[in-house]
Structures are given as C-alpha cells and as structure tokens.
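Because only heavy atoms are used, hydrogens play no part in the values below, and waters and symmetry mates are left out as well, while side chains stay in. Along the sequence shown, residues are numbered consecutively beginning with 1.
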Amino acid sequence: MPSTKLTSSALLTLLSVPFTCAYAQSNVLLYGLVDAGFVYTNNQGGGKLYSLTSGNLQSSRWGMRGSEDLGSGISAVFVLENGFSVTNGRLLQGGDEFGRQAYVGLSSSRIGTLMLGRQYDLNVDYVAKFAAVAQWGTTYSAHPGDLDNFNNTNRVNNAIKFKSLDYSGFTFGALYSFGGNAGDFSRNQIWSVGANYQNGPFALAAAYVDVNDPNYSFFGNNASSSTNASNMTGSRVYSGYASAKSQRIASAGGALTLGATTVGAVYSNTVFSSIGTDARLPAVGRGGSARFNNFEVNVKHQVTPALLIGAAYDFTDGYGVNDAKYNQVSLGIDYFLSKRTDLYLTGVYQHASGRDSTGTQARANINGVSASSTSNQVLAVAGIRHKF
C-alpha cells in the first residue's frame, strides 16, 4: 500500500510539471464593455422614435486575448472577440460567435506582429481614431453610411495582417484577404495598407483599402450574409451600388493636442466602381462609378479630469453617378464616474440634398438609424458605458 501511494504521488507530480510551466509562460485576459442608452430620433420614415439601444458610444462586447512567450523575443498571440446587444442578449455581426475579431499569430520584439483570421482594415487601425465617432461621438456621428468604415461596420475575413514595431513614432501595416474562390484568385479579395506617425502632441496617419465584390466580401462578411442578394441595405447612402465590382477607400487624418484641447481632422475618398457588374443586384448609375469625398473637423476639450466635451462638423460630397451631399454636426459630453464607468450625451443633426444611391431625392440618414422622410434628421442619445 505505501508503494502504491508513492507511485501515485510521483505520477501526479510529473503530470503537473508541463501545465505549471505553460501557465508561467502564458497569460490570458478576459475583457469587455457593456454600453446601453436611450435614443430619440425626430424622424424615422416619417415618425418620431424613442428607443433603448445597445452599443452607442462603443459596441457592447466581451473577448479574450492572450500570449505565450516562445523565447528569443517571439510570442504567440490570439484574440477572440464577441459582439452582443445588451437590450436583448442577441449576438451581433450576423450572429457570428466571434464576429468582431478572431485571429492568431506571432509577435516579434524585433520586427512586429503577423496575425491570421478575421480582422480590422488599416483605415480602422490608423485613421479612424482621429474621427469623432472613435472618441466621444457615438456610432451616430459616423460619416453618412459609414462609407469609409471608420465606425468599423465591416470586418475582413480570411485575412493576413502585419503591423510593425514603433520606429521613433512611426508605425506601418499591411493586410491581405484571400477571396477563397477556386479558379478566380481576385474574386472577393481585399487588401489594405496604412501608416501612422506620432511625435509629442502631433499625430498623422494615412491608409488605403481595396475591395473586390464589396457586396459579398466586405458587407457580406458574416455567416448569415446572402450569397446572391444585396447585403448593402443598411443605408440609402450606398444601397443602390450593391452591384459594384469594387470599393476603394483612401483616407488621411491627424490631430494636434494643445494642453487640454485636441483639434483633429480626417479626409476620406470612397469609390464604388463598375456599378452593374452583378446583374442580380441594385445598380443605380449602371456602368459608372459613385464617388464620395468626406471632410471632418473636430475638437474636444478636457474640462476636468472627469469631464470631456466635443464638437464635430462633417461634409460628404457625392459625385460621379450621384450628387448627394450631407452636412452633419455632432455635439457630445462624456462624464467619467470612474476609470471604467462613464455617462454620455450626444446630439447629431444631418441635412441631405441632391439625389442619393436610390436614384431619388436624398433623405437624411444618420448612421445606425432608418432614413428620415425629409432632408433633415435630428438624434439625441444618453447612456452609460462600463468596461471590465
């Protein structure tokens, strides 16, 4: 009997060694945020709407990120991130379990990080941070239709992404997404490049995204997305261009911080080319291209360590097969109860003119809500965000 106890004890000790070592060299972090609020819109399809909504300042989420030290300055890294609605508990991103991000890769302390999986494009990584929507503005202050993806409406599947180390304030990155179609290497492919420079109070960034077959590859990136109908129904700003062969986005932005005040600006140019390539899909302006220039200026001021106020003006100018124009003003207040919990209040006004992607008179269509029945729309949101 004593011999049996000794053998069992030794065996358990041996079995515990690998797990103890692995734990000592690895770390996994569970994180997330919960965001909910009340939204008032003066006109959605002709009527006022009062609603309780999720993910206003930031989309509600939970995730896991981790790394393992492999030695010689190399680590294995991963991120799995889920999006959900606080108001009903449902999954977002078309019901995908980890619809926000899902990737694994290797990180080198001498070169940078290489990641494989579902990821963000370089517009999101480098330029979007200078826009009001990524700071205090809530999702409703995004540029009309989120044409430049600064609000991260669309992720990139099947992607390989590299992000460099920081070289005296300069960083850069590149992404490539395989289309996954046998016999047609270019179908549904996406590629993106970008760079960022930070020097004290001054920051500057630029990025480019090139998307083939955007209805299926960029807008149709979820398991529930259609493979033969339009996935671009979210906004009148672009819904008529679902049949376009390509979407290209070029962007640049920057900010200057002077004491408690930061002034920022962003520019983007979005083009839907060769409209009508897919005969099954909406094709307003068949054979042509829809183009949009977008200009935003914004300012935020840290009144106290707990109180931030912000304002932004955005102008979207459509040309090519459309002449829609959108003027948008956003005002916001963010008050921090603690480092992890804050209260926010944001108002957005939008005015539309010209003819939009439906081929009819443009209507105001603030991001994240249904279009107005007129050229004007006003929205106000008040809510709470908690990070964990």
Side-chain angles (χ1 to χ4, degrees), residues 31-44 48-63 81-90 92 100 124 127-146 149-153 253 255 257 259-266 296-314 328-350 364-370 377-388:
Y31 67 93
L33 66 89
V34 184
D35 180 321
F38 299 96
V39 175
Y40 162 76
T41 314
N42 75 321
N43 186 321
Q44 288 197 48
K48 296 179 181 179
L49 182 65
Y50 301 86
S51 56
L52 178 66
T53 58
S54 173
N56 302 302
L57 192 58
Q58 282 185 283
S59 184
S60 298
R61 70 197 69 174
W62 73 270
E81 190 172 276
N82 162 283
F84 63 91
S85 170
V86 176
T87 58
N88 54 30
R90 295 176 182 171
L92 300 182
R100 290 187 57 82
V124 175
V127 184
K129 63 186 176 183
F130 298 114
V133 66
Q135 301 175 63
W136 50 264
T138 74
T139 186
Y140 311 107
S141 70
H143 304 154
D146 195 24
N149 205 40
F150 283 2
N151 195 39
N152 200 17
T153 300
T257 299
T261 302
T262 299
V263 179
V266 288
E296 179 192 319
V297 292
N298 58 69
V299 60
K300 64 180 179 181
H301 180 69
Q302 199 73 47
V303 181
T304 70
L307 178 63
L308 180 147
I309 59 174
Y313 168 72
D314 181 72
Q328 181 169 291
V329 176
S330 303
L331 300 172
I333 300 173
D334 195 1
Y335 182 74
F336 286 82
L337 301 174
S338 69
K339 290 183 178 180
R340 296 189 295 151
T341 304
D342 56 328
L343 305 175
Y344 56 85
L345 174 65
T346 302
V348 181
Y349 165 77
Q350 187 185 105
N365 196 170
I366 291 173
N367 187 64
V369 300
S370 300
Q377 193 170 48
V378 176
L379 178 148
V381 56
I384 181 172
R385 173 182 60 175
H386 174 73
K387 300 178 181 179
F388 63 87

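- The OG1 atom of Thr262 sits 5.0 Å away from the NZ atom of Lys300 when rounded to the nearest 0.5 Å.
- With a 4.5 Å cut-off on side-chain heavy atoms, Phe38 and Leu52 count as touching.
- Applying the side chain to side chain contact (heavy atoms under 4.5 Å, CB included) test between His143 and each of Asn151, Val266, Val133, Asn367 identifies Val266 as the sole match.
- The shortest side-chain heavy-atom distance between Ser141 and Asp314 does not fall under the 4.5 Å cut-off.
- Side-chain contact check for Val369 versus Leu49: every heavy-atom pair is 4.5 Å or farther apart.
- Contact annotation: the side chain of Ile384 approaches that of Thr341 to within less than 4.5 Å [non-hydrogen atoms, C-beta and beyond].
- In this structure, the side chains of Thr346 and Asn56 stay at 4.5 Å or more apart for every pair of heavy atoms.
- Between the CZ atom in Arg61 and the OG atom in Ser54 there is a gap of 10.5 Å [rounded to 0.5 Å].
- By the neighbour-count criterion of 12 heavy atoms within 6.0 Å, atom CZ of Phe336 is densely surrounded, having more than that number from other residues, nucleotides or ligands.
- Here the side chains of Gln135 and Asp334 are not in contact, with every heavy-atom distance at 4.5 Å or above.
- Looking at Val34 and Phe84, their side chains come closer than 4.5 Å, going by heavy atoms from C-beta outward.
- Inter-residue side-chain proximity for Tyr31 and Lys387 is flagged as unmet; no heavy-atom pair is nearer than 4.5 Å.
- A donor-acceptor contact under 3.5 angstrom links the side chains of Ser85 and Thr87, judged on distance only.
- Of all heavy-atom pairs spanning Phe150 and Ala128, the tightest one is O-CB, 3.5 Å.
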